[in-house]
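Reading through the structure tokens given below for one structure.
All values reported here derive from a predicted model rather than from experimental measurement. As the structure lists them, so they are numbered: ligands from 1, and atoms in each ligand from 1.
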Amino acid sequence: MAFYSEKVMDHFANPRNIGEIKDADGVGEVGNPVCGDMMTFYIKVKDNKIEDVKFKTFGCGAAIAVSSIVSEMAVGKTLDEVMNLTNADVAKALGGLPPNKMHCSNLGADALHRAIENYKIKQGK
Ligand code: FES
């Protein structure tokens with residue numbers, strides 16, 4: 001496991017914001033057909049900002065660490081700021097990921113973006 005940064009190991013061992021928001025304003029789900037990993041993000045939105053984020057991830061350690069850090073990065077940000085969050089930003093925040101694990105970082109931002117899109121659809125935007 002030496003190829004994982006300390007930050008990845010920390011978020012894998014102690015993931016933040018795991019769970020589900022029953023009355024979520026938006027829900028986004030993505031899966032990777034190659035590895036079969038799945039991620040679902042739930043968001044609460046207030047005044048155009050992400051007020052709360054929870055996630056459920058069935059996946060590898062990197063996918064869990066990615067979900068955890070993405071949830072932390074999103075809280076308090078505007079919807080536009082979160083939509084501009086890239087997969088590279090996520091991997092960088094984790095202190096990098098091994099090349100064969102970069103696809104895991106794609107799921108986090110994608111799931112969050114889908115949750116925002118779902119919120120916008122629900123709002124009729
Ligand atoms: Fe597929 Fe990590 S191995 S998300």
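- The two atoms that bring Asp23 and Lys44 nearest to each other are O-NZ, 2.9 Å, heavy atoms only.
- Listed here is the closest heavy atom pair of Leu97 and Ala91: CD1-CB, 4.4 Å.
- A heavy-atom cutoff of 4.0 Å around ligand 1 is satisfied by the protein residues Cys35, Asp37, Cys60, Ala63, Lys101, His103, Cys104, Leu107.
- Side chains of Asp10 and Asn14: a donor-acceptor N/O pair is present below 3.5 angstrom, by distance only.
- Note that the CE atom of Met73 and the CD1 atom of Ile50 stand 13.0 Å from one another [nearest 0.5 Å].
- Residues Phe41 and Ser67 share a closest heavy-atom pair of CZ-O, 3.6 Å.
- Across all non-hydrogen atoms, the minimal contact from Lys7 to Leu94 is CB-O, 3.6 Å.
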